[in-house]
Amino acid sequence: MRVTRLQVANVRRLAAVELLPAPGINLVTGDNGAGKTSLLEALHLLAYGRSFRGRVRDGLIRTGADAVEVFAEWREENDGRTRRAGLRHAGQRWEGRLDGASVSQLGELCAALAVVTFEPGSHALVTGGGEPRRRLVDWGLFHVEPDFLPLWRRYARALKQRNALLKAKVRDRQLDAWDHELADAGEPLTRYRQAYLDALEPLLQATSTDLAPGLGHASLHFQPGWSRDQLSLADALVIARDRDLANGFTSIGPHRADWRIDYAALPGRETLSRGQAKLSALSVLLAQAERHAQGCGEWPVVALDDLASELDRNHQRRVLERLILSGAQVFITGTEMPPSVSTLDVPVRLFHVEHRGSGSVLRPLD
């Protein structure tokens, strides 16, 4: 997957800029606050429906503007197609187009363009709560398993209905019906997640061995959201019903699923340092990109925000060498060219963002 054109308007300080990236390594430099990260946010927005810094309405729209606008054109390497997607997002309302046609669901845009992003908050993938870990697995399944999204939506709808009944203290057959629906969708959803993590584990082992050999052998452990070894989800929901009625929400199920990484060199799940957490999160993201390539026939676009401040020179070079071998298109941001980039024996396309007047501008340096 190769982005050939990226147009961004009204994203934070960026008024209107256009980027014509190279198929390989692209470096965007600029002072802190100039807007270089905003370019990656815009690309991420088109691929996920939200920025990696949060929702559109939480400061992403440039002051004085009504909405952010992002347009991307890319080439798919597995079939040679050129595709185009555009999104105008005002925070509550949005409009999208894909290959010249309007889209009714944001997921249609997200399914078209695949981007894996490593940014300063990515360490929360291994140190934070379960939500980002569930999102990572579900994103991977969303792209490689066509049946996953309808199943996920079915489960989400059943969960919403069951929670409404629990909040209203309803105990009749309606609750039995939604228990049944929740279990019917939740069991296969869980099997998909387990299978995805099983496929991801050997890729993670290889990546983490390269990037963080001191942590030892990596293994993934899935927690489905209930005591699956002892009970079916249907039985677990019945047992938890009185507690759920008292609390007014569903306390067990795939919406509470989680997973963790254990390392042989950290017995007893000893806490990772911040540096180890960054390398661990990056290993997971690169393993996911490789899993995507296995399932879809092409690597996703890889975005690395502020690479030099997140990784030392040795780890930067290891990451970039892996990505160069993969043939992935890579976007890197930094206040200046990282030493690891300047020593690469491959072409690097350079861009610079600078703040001028009421907005920021982008210019190529080659």
Side-chain angles (χ1 to χ4, degrees), residues 1-8 11 38-58 60-61 67-79 81-119 121-122 125 131-157 189 192-193 196 255 284-285 288-289 291-303 305 328-329 331:
M1 192 168 283
R2 305 283 187 271
V3 174
T4 55
R5 182 186 302 272
L6 177 65
Q7 295 174 324
V8 179
V11 177
S38 300
L39 283 170
L40 302 191
E41 282 190 274
L43 190 63
H44 192 95
L45 174 65
L46 202 55
Y48 291 82
R50 57 178 286 156
S51 161
F52 50 78
R53 289 179 172 176
R55 298 170 298 182
V56 172
R57 63 177 178 266
D58 295 334
L60 189 64
I61 303 172
V68 300
E69 297 179 0
V70 186
F71 170 83
E73 180 179 276
W74 69 93
R75 180 179 174 84
E76 296 187 346
E77 296 298 304
N78 56 4
D79 58 14
R81 281 197 304 168
T82 295
R83 307 197 67 187
R84 298 171 181 86
L87 175 65
R88 188 180 191 275
H89 206 310
Q92 296 287 355
R93 304 176 312 279
W94 62 271
E95 301 171 41
R97 293 184 68 82
L98 179 63
D99 298 327
S102 296
V103 297
S104 59
Q105 295 183 336
L106 200 53
E108 294 179 59
L109 292 181
C110 300
L113 180 63
V115 178
V116 168
T117 307
F118 176 70
E119 43 86 22
S122 292
L125 184 62
E131 183 181 355
R133 289 186 289 275
R134 285 192 297 274
R135 282 205 307 263
L136 180 136
V137 171
D138 291 350
W139 181 90
L141 286 164
F142 174 61
H143 281 278
V144 301
E145 294 290 351
D147 295 334
F148 177 75
L149 182 59
L151 193 64
W152 184 91
R153 286 175 172 161
R154 181 185 170 193
Y155 180 85
R157 176 174 176 268
L189 185 74
Y192 270 125
R193 285 172 169 172
Y196 184 83
H255 61 291
V284 172
L285 290 167
Q288 181 173 62
R291 176 69 187 94
H292 179 91
Q294 289 178 346
C296 300
E298 60 184 2
W299 269 66
V301 175
V302 178
D305 186 36
Q329 184 181 45
F331 291 85

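Note that this is a predicted model, so its numbers are computed, not measured.
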Q) If you measure from OG1 on Thr82 to CZ on Arg5, what distance do you get to the nearest 0.5 Å? A) 11.5 Å
**Q.** Partner of Asp305 by side-chain contact (heavy atoms from CB on, under 4.5 Å), out of Leu40, Thr117, Leu39
**A.** Leu40
Q) Just one of Leu87, Val8, Val11 clears the side-chain contact (heavy atoms from CB on, under 4.5 Å) bar with Val68, so which one? A) Val11
**Q.** Least distance between heavy atoms, Leu151 atom then Leu189 atom
**A.** CD2-N, 3.4 Å
Q. Should the heavy atoms of other residues, nucleotides or ligands under 6.0 Å from CH2 of Trp94 be counted, would the total exceed 12?
A. yes
(Q) If we ignore hydrogens and angles and just use 3.5 Å, is the side chain of Glu76 paired with the main-chain N or O of Arg83 as donor and acceptor? (A) no
**Q.** Aromatic ring pairing His44/Tyr48, orientation class (parallel under 30°, perpendicular over 60°, tilted between)
**A.** parallel
Q | For Leu46 against Gly86, the heavy-atom pair lying closest together | A | CD1-C, 4.3 Å
Q.
For the CH2 atom of Trp139 and the NE2 atom of His292, what is their distance to the nearest 0.5 Å?
A. 5.5 Å
(Q) Quick check: closest heavy atoms across Cys110 and Ala47, and the distance to 0.1 Å? (A) CB-O, 3.3 Å
Q) Yes or no on side-chain contact (heavy atoms from CB on, under 4.5 Å) for Leu43 and Val70, after CA distance, side-chain angles and deciding distance? A) CA-CA 8 Å; Leu43 190 63; Val70 186; over 6 Å; no
Q | Rounded distance [0.5 Å steps], CG in Leu113 versus CZ in Arg84 | A | 14.0 Å
Q: Please identify each residue that fulfils ring pair (Phe, Tyr, Trp, His ring centres under 6.0 Å) with Trp299, with sequence neighbours left out.
A: none
Q: Drop me the distance from Arg97's CZ to Glu108's CD, to the nearest 0.5 angstrom.
A: 12.0 Å
Q. Can you name the one residue among Arg134, Arg133, Arg135 that meets side chain to side chain donor-acceptor pair (under 3.5 Å) with Glu131?
A. Arg135
(Q) Using 0.5 Å steps for rounding, measure from the CZ atom of Arg53 to the OG atom of Ser38. (A) 6.0 Å
Q: Tell me, please, which residues at least two apart from Glu77 pass side chain to side chain contact (heavy atoms under 4.5 Å, CB included).
A: Arg2, Arg75, Glu298
Q: List the atom of Ile61, the atom of Gly91, and the distance in Å for their closest heavy-atom pair.
A: CD1-N, 4.2 Å
Q: Work out which heavy atom in Ala112 is nearest to a heavy atom in Met1; give both atom names and the distance.
A: O-CE, 3.7 Å
(Q) With side-chain contact (heavy atoms from CB on, under 4.5 Å) as the criterion, how do Leu60 and Leu45 come out once you've worked through the C-alpha distance, each side chain's angles and the decisive distance to 0.1 Å? (A) CA-CA 10 Å; Leu60 189 64; Leu45 174 65; 4.1 Å; yes
**Q.** Nearest heavy-atom neighbours spanning Leu125 and Pro132
**A.** CD1-O, 3.8 Å
Q: Only one of Tyr196, Tyr192, Phe148 passes side-chain contact (heavy atoms from CB on, under 4.5 Å) with Asp138; say which it is.
A: Phe148
Q.
For Val56 and Ser51: C-alpha separation, side-chain torsions, deciding distance, then whether side-chain contact (heavy atoms from CB on, under 4.5 Å) applies.
A. CA-CA 7 Å; Val56 172; Ser51 161; over 6 Å; no
Q) Would you say Glu119's side chain and Gly121's backbone share a donor-acceptor pair under 3.5 angstrom? A) yes
Q.
For the backbone of Leu136 and the side chain of Gln288, can you confirm whether one donor and one acceptor N or O come within less than 3.5 Å of each other?
A. yes
